[in-house]
Enquirer: 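Could you have a look at this structure, given as structure tokens, before my questions?
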Amino acid sequence: MTPVTSISLIGAAILTAVLAATSLRAEPETPATPEKSVGVSAETLAEIMLADELQDIGNRRLRMRLITVEKGGIVAEHSHDGRPSVEFILEGTSTEFRDGTGRVVTAGDHVRADHTVTHWWRNDTDGPLTVLAVDIYEPHEEPPY
């Protein structure tokens with residue numbers, strides 16, 4: 001094999017490797033937009049009739065918050081009048097107090113709070129209590145947590 005042939009073969013090998021690597025990094029083809037959902041289920045855990053809660057939507061907003069209450073922490077008593085909320089316990093155990101009665105909620109439980117609810121929470125876990133809370137609120141309102 002001559003030096004020119006060797007260089008040509010090496011060049012061809014390098015070019016082949018570069019082309020192969022480039023084709024591996026190519027963006028995946030965008031699939032057609034699906035018209036039907038597959039493998040999906042949904043379960044309504046709680047709902048609140050907003051017509052009963054809000055007379056005028058005004059500047060209200062829908063928000064989702066991740067609330068963490070440290071071991072032994074307390075969420076002060078507060079009202080949900082004008083601020084309906086649904087909350088899902090992600091981690092930990094808490095006692096929710098309303099109407100003078102405590103109710104234990106644990107990971108996987110949910111709490112529904114409409115305009116009639118005034119309550120407070122105590123974290124009864126050795127670690128943090130984590131709650132996913134979704135509510136409708138006025139931006140100037142500051143909740144106790």
Enquirer: The test is side chain to side chain contact (heavy atoms under 4.5 Å, CB included); show your working for L45 and V86 and say whether it passes.
Expert: CA-CA 9 Å; L45 299 177; V86 289; over 6 Å; no
Enquirer: Under 4.5 Å between any side-chain heavy atoms of K71 and D126, yes or no?
Expert: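 Side chain of K71 against side chain of D126, heavy atoms only: contact under 4.5 Å found.
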Enquirer: Assigning hydrophobic clusters by single linkage (Ile, Leu, Val, Met, Phe, Trp, Tyr; side-chain heavy-atom cutoff under 4.5 Å), is F97 placed with V117?
Expert: no
Enquirer: Scan for salt bridge (Lys or Arg N to Asp or Glu O under 4.0 Å) pairs involving residues 32-59, sequence neighbours excluded, and state none if there are none.
Expert: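 Those involving residues 32-59 do not exist here.
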Enquirer: Applying side chain to side chain contact (heavy atoms under 4.5 Å, CB included), can you list everything that pairs with V104, at least two apart in sequence or on another chain?
Expert: T93, T95, T106
Enquirer: Can T116 and D114 be counted as having a side-chain donor-acceptor contact under 3.5 angstrom?
Expert: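 Checked: T116/D114 side chains pair up, N/O donor to acceptor below 3.5 Å.
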Enquirer: Consider side chain to side chain donor-acceptor pair (under 3.5 Å). Of R61, R60, R63, which one does D135 pass it with?
Expert: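 Filter result, single survivor: R63.
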Enquirer: Counting distance only, does the side-chain N/O of T125 pair as donor-acceptor with the main-chain N or O of G127 below 3.5 Å?
Expert: no
Enquirer: Side chains of I89 and H110: does their closest heavy-atom pair fall under 4.5 Å?
Expert: no
Enquirer: Nearest 0.5 angstrom please: L90 CG to L66 CG, how far?
Expert: 6.5 Å
Enquirer: Can you say whether the rings of H119 and H80 are parallel (under 30°), tilted (30 to 60°) or perpendicular (over 60°)?
Expert: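 Because their plane-to-plane angle is over 60°, the rings of H119 and H80 count as perpendicular.
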Enquirer: So R98 and V111, do their side chains get closer than 4.5 Å, heavy atoms only?
Expert: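 Side-chain contact under 4.5 Å: yes.
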Enquirer: Taking the side chain as everything from C-beta on, heavy atoms only, tell me whether P84 gets closer than 4.5 Å to L50.
Expert: yes
Enquirer: Which residue is it: T130, T68, V131? I am looking for the one with a side-chain contact (heavy atoms from CB on, under 4.5 Å) to E91.
Expert: T130
Enquirer: Does a side-chain N-to-carboxylate-O contact under 4.0 Å join D81 and R83?
Expert: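 Looking at D81 and R83, the cut-off is not met.
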Enquirer: So, do V105 and W121 sit near enough that their side-chain heavy atoms are less than 4.5 Å apart?
Expert: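 The answer is yes; the side chains approach within 4.5 Å.
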Enquirer: Test your reading of the model: is there a side-chain donor-acceptor pair from N123 to the backbone of S94, 3.5 Å cut-off?
Expert: no
Enquirer: Are I57 and V134 linked, directly or through other ILVMFWY residues, by side chains that come within less than 4.5 angstrom of each other?
Expert: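 I57 clusters together with V134.
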Enquirer: About how many Å separate CH2 of W120 and CD of E96, when rounded to the nearest 0.5 Å?
Expert: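 So the CD of E96 and the CH2 of W120 are separated by 11.0 Å.
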Enquirer: Do the side chain of H78 and the main chain of A76 share a donor and acceptor less than 3.5 angstrom apart?
Expert: yes
Enquirer: Would you name the heavy atoms of A133 and I67 that are closest together and state the gap between them?
Expert: CB-CD1, 3.7 Å
Enquirer: Between R112 and I48, is there a side-chain heavy-atom distance shorter than 4.5 Å?
Expert: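 Answer yes - side chains close enough.
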